[in-house]
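Before any comments, here is the structure.
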Amino acid sequence: RYQDFEDLITQILEIDPRPAFQKRRMPPGSAEAEGKRFGIAVLDHDVKWEIRDGRFLALRVKTVANLGAYLSIHGLHSSTNNLGGLAGTYTTPAIHVEVSAVFSNTACNGPYRGSGRPEASYLLERLIDNAAREMKLDRAEIRRRNTIRSFPFKTGLIYHYDCGDFAGNLERALQLA
């Protein structure tokens, strides 16, 4: 059993990630404001991501999810169902996710059309854009460096990809943009 996320990464990647970790915390209220804008019942995110030479090495996400005033029959579904989506189509080898759920004085929530996947994709792609900006890399280039290209591929979470043309999809999207 690993006592700490950094110990897990050290075991998997055979590097010490501690010096390279950058902590990004959304300003108070912004996670809730963005969550409302996108219909996401998230109160807060705490994200640590290690990137070296434009390559994704590790990602840790801690989320506080708002369940509302009471637990509906599928209330935890949106907060936990598509956590695998945090891997995206990228080669991040070590990913750890922790979700805490809290009751509040708001209406309860439940799944609706893709429950959890848009939230995971939004968070991941926003992190990539922020990392590209901080590293002074082109947003497309950092995605190119980390897109899955060989198959089969097991993500840092639960998904196994047996095929796909993710690099080709990225290039076609860039041509159409």
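From a predicted model like this one, the values you see are computed outputs, not experimental measurements.
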*Y161, L83: one ILVMFWY side-chain cluster at the under-4.5 Å cut-off?*
no
*Give a yes or no on whether F151 and Y159 share a hydrophobic cluster (residues Ile, Leu, Val, Met, Phe, Trp, Tyr; joining criterion: side-chain heavy atoms under 4.5 Å apart).*
yes
_Partner set under side chain to side chain donor-acceptor pair (under 3.5 Å) for R149, not counting sequence neighbours_ =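 Once residues adjacent in sequence are excluded, R149 has no partner under the side chain to side chain donor-acceptor pair (under 3.5 Å) criterion.
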*Should the pair D138-R143 be classified as a salt bridge under the 4.0 Å nitrogen-to-oxygen rule?*
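No, D138 and R143 are not salt-bridged.
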Which heavy-atom pair separates [X] from [Y] by the least distance, and what is that distance?
{"X": "I142", "Y": "A131", "answer": "CD1-CB, 4.2 Å"}
{"X": "F56", "Y": "N146", "answer": "N-OD1, 2.7 Å"}
{"X": "I95", "Y": "L86", "answer": "CD1-O, 4.4 Å"}
{"X": "A120", "Y": "G85", "answer": "CB-C, 3.8 Å"}

Is it the case that the side chain of [X] and the backbone of [Y] share a donor-acceptor pair, with hydrogens and angles ignored and the cut-off at 3.5 Å?
{"X": "N169", "Y": "G164", "value": "no"}
{"X": "R145", "Y": "D53", "value": "yes"}
{"X": "T63", "Y": "A65", "value": "no"}

*Which residues pass the salt bridge (charged side-chain N to carboxylate O under 4.0 Å, His left out) test with R55, sequence neighbours left out?*
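Result, salt bridge (charged side-chain N to carboxylate O under 4.0 Å, His left out) vs R55: none returned.
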Any side-chain heavy-atom pair of [X] and [Y] under 4.5 Å:
{"X": "V97", "Y": "L157", "value": "yes"}
{"X": "V102", "Y": "V64", "value": "yes"}
{"X": "R172", "Y": "D165", "value": "yes"}
{"X": "L59", "Y": "W49", "value": "yes"}

*What do you reckon, is CZ of R144 surrounded by more than 12 foreign heavy atoms closer than 6.0 Å?*
yes
_Quick one about N66 and T106 (side-chain donor to acceptor, distance below 3.5 Å, no hydrogens or angles considered), yes or no?_
yes
*Mind running side-chain contact (heavy atoms from CB on, under 4.5 Å) on I51 and M135 for me, showing each step along the way?*
CA-CA 9 Å; I51 302 172; M135 298 177 75; 3.6 Å; yes
*Whichever hydrophobic residues join L174 through chains of side-chain contacts under 4.5 Å*: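 Hydrophobic cluster check, L174: joined to L170.
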*Taking the six-membered ring where the residue is Trp, are the ring centres of F166 and Y90 under 6.0 Å apart?*
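No, too far apart.
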